[in-house]
Protein chains: 2
Amino acid sequence: MASLSQSEENYLKEIFHLTQLQKEKVSTNSLASRLNTKASSITDMLQKLAEKQLVQYIKYKGCSLTENGEKIAVQIIRKHRLWETFLVNKLNFGWDEVHEVAEELEHIDSVKLVDSLDQFLNYPKFDPHGDPIPDKNGKIPYRKTKMKLVDAGIHKKLEIVRVNEDEMGLLKYLERQNLQLGTKLEIIEKFSFDDSMLVRTELDTTINLSKKVTENISVKIVEN
Amino acid sequence: MASLSQSEENYLKEIFHLTQLQKEKVSTNSLASRLNTKASSITDMLQKLAEKQLVQYIKYKGCSLTENGEKIAVQIIRKHRLWETFLVNKLNFGWDEVHEVAEELEHIDSVKLVDSLDQFLNYPKFDPHGDPIPDKNGKIPYRKTKMKLVDAGIHKKLEIVRVNEDEMGLLKYLERQNLQLGTKLEIIEKFSFDDSMLVRTELDTTINLSKKVTENISVKIVEN
DNA sequence: GTAAATTTTTAGTCTTGTCTAAAAAAATAG
DNA sequence: CTATTTTTTTAGACAAGACTAAAAATTTAC
């Protein structure tokens with residue numbers, strides 16, 4: 001399997017992410033905005049990736065990953081999330097500092113390196129943002145009980161299990177508010193006029209969170 | 001300081017290495033053979049690097065690094081050697097398995113990453129091959145008492161302090177012979193007809209080492 | 001269901017880093 | 001010291017990946 005350029009890898013990864021979100025064929029424009037390129041560049045690359053049998057692509061109709069393309073995308077995501085875990089757990093990076101560096105590290109090409117790192121980190125199942133880390137075979141851990149905070153019910157005991165690292169600034173914001181993975185909280189009140197909500201955390205501080213925030217945090221219900 | 005491409009970084013690194021070896025201006029051809037490119041490509045790149053004030057270059061006369069170019073080269077070498085140390089000490093790579101991967105890792109661009117790694121590894125002074133690791137400020141540890149094995153005297157107690165990782169196959173060969181960093185040995189006899197030598201190791205095995213080998217191993221005299 | 005707006009593709013250009021072939025400079029040999 | 005050999009540079013080409021502008025297809029609006 002001839003190795004891919006960083007660019008090609010980034011395209012595969014983004015197609016994968018976008019497919020997760022919308023479950024349909026991925027449009028040229030959506031890729032362009034995620035990858036910060038022009039639509040024409042996307043078209044060029046899609047044609048190339050289609051030739052390599054990594055994506056299915058029909059002119060004007062968007063694209064999706066082939067089995068092989070998806071396999072590769074998942075391995076890149078594995079690398080990304082393992083490196084993020086390494087940076088946070090071993091090198092004491094903040095969770096808002098890891099993304100950029102992991103974007104570089106994910107392209108390092110060595111199966112032995114990735115698997116050794118996985119072992120060194122003790123086969124973590126979730127990265128510092130709560131995203132699942134695919135295993136060596138591409139299997140992605142599934143967290144059964146998980147919902148977006150925005151959709152959670154009032155007065156239930158909740159625990160933060162994931163935050164969306166893609167939302168620029170969200171991580172820093174949460175850091176400031178002292179909200180992190182594992183933080184327990186309860187929705188006190190939901191305000192329908194702006195879809196914000198008032199939550200109370202373990203430490204008995206209450207915070208008002210905007211829709212933008214609660215859409216990008218996932219929680220599970222704590223049984224106790 | 002605009003960041004450099006991997007290619008540019010590799011050129012700087014090789015110019016640095018070659019300058020260490022010969023102390024003169026580095027020729028186009030010598031660079032070409034180290035970098036596995038054609039001389040014409042070297043010329044192109046040298047002109048580019050000269051414009052960026054990273055090398056001094058006079059047509060037909062070879063090149064050398066400017067102060068700034070050298071600073072950058074040293075930081076790349078720092079990264080390379082720290083990563084090698086990480087791979088061997090933390091991920092249990094063999095010393096013959098690290099070079100390729102470190103060639104990729106050395107181009108990851110994050111000062112915070114490198115410094116954190118340095119701290120995580122406990123500020124190592126030498127990498128798994130015995131090469132000195134420049135510190136954050138570019139200062140390179142100096143090993144006072146060091147000579148090539150080929151130049152060492154007979155019947156002295158010696159200890160291996162460095163092996164040349166650039167010599168393809170040497171590391172694997174030494175692995176086989178059970179010779180590693182820290183191995184103590186003594187030269188029993190030198191053969192002038194082929195410049196090989198007979199050495200006895202701690203374990204009382206005697207091995208004949210060719211000139212090619214003894215030129216690429218450095219030792220210090222053990223006081224005891 | 002056609003016109004306007006939007007999305008996507010094509011065509012052509014640019015930069016980076018490489019190459020080959022040919023020309024020019026430097027080094028070497030007698 | 002001149003002729004030959006070697007080294008280095010120039011000139012021109014190419015592939016990757018991006019861009020702009022224009023054309024084509026699709027979608028939306030009325």
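Note that these values count all heavy atoms, side chains included, but never hydrogens, waters or copies made by symmetry. Below, chain A is the first sequence line, B the second, and so on; all start at residue 1.
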(request) Report yes if the distance between the aromatic ring centroids of A:Phe86 and B:Phe86 is under 6.0 Å, otherwise no. (result) yes
(message) Test of understanding: with side-chain contact (heavy atoms from CB on, under 4.5 Å), list the residues that count as partners of A:Leu179, not counting sequence neighbours.
(response) A:Ile160, A:Leu174, A:Gln177, A:Thr183, A:Leu185, A:Thr201, A:Ile207, A:Leu209
Could you state the atom-to-atom distance from [atom1] of [X] to [atom2] of [N] in whole Å?
X: A:Glu51; N: D:dA15; atom1: CD; atom2: P; answer: 13 Å
X: A:Leu4; N: D:dA16; atom1: CG; atom2: C1'; answer: 13 Å
X: A:Leu46; N: C:dT7; atom1: CG; atom2: C1'; answer: 14 Å
X: A:Met45; N: D:dC19; atom1: CE; atom2: P; answer: 11 Å

(message) For D:dA18 and A:Tyr11 - does any side-chain N or O of the residue sit under 4.0 Å from the phosphate oxygens OP1/OP2?
(response) yes
(message) Between A:Gln6 and D:dA16, is there a contact of a side-chain N or O with OP1 or OP2 at under 4.0 Å?
(response) no
(message) Suppose we screen for ring pair (Phe, Tyr, Trp, His ring centres under 6.0 Å). Which residues come up paired with B:His107, at least two apart in sequence or across chains?
(response) none
(message) Working to the nearest 0.5 angstrom, can you tell me the gap between B:Arg176 CZ and B:Asp96 CG?
(response) 8.0 Å
(message) For A:Asp166, is there any backbone N or O sitting under 3.5 Å from a side-chain donor or acceptor partner on A:His99?
(response) no
(message) Given 3.5 Å as the limit, does a donor-acceptor pair link the side chain of B:Lys79 with the main chain of B:Ile108, or not?
(response) yes
(request) Scan residues 112-122 of chain B for pairs that pass side chain to side chain donor-acceptor pair (under 3.5 Å), counting only residues two or more places apart or in two chains. (result) A:Glu97-B:Lys112, B:Arg78-B:Asp115, B:Arg78-B:Asp118, B:Asp115-B:Lys136
With the criterion being N/O to N/O and under 3.5 Å, what pairs connect the protein with nucleotides 24-29 of chain D, and how long is each?
residue: D:dA25; atom: O4'; partner: A:Tyr60; partner atom: OH; Å: 3.4

(request) If a pair satisfies salt bridge (charged side-chain N to carboxylate O under 4.0 Å, His left out) and one of its residues is in residues 60-70 of chain B, list it, with sequence neighbours excluded. (result) none
(request) Could you check which residues of residues 25-44 of chain B get a heavy atom under 4.0 Å from DNA chain D? Sort them by number, please. (result) B:Ser27, B:Thr28, B:Asn29, B:Ala39, B:Ser40, B:Thr43
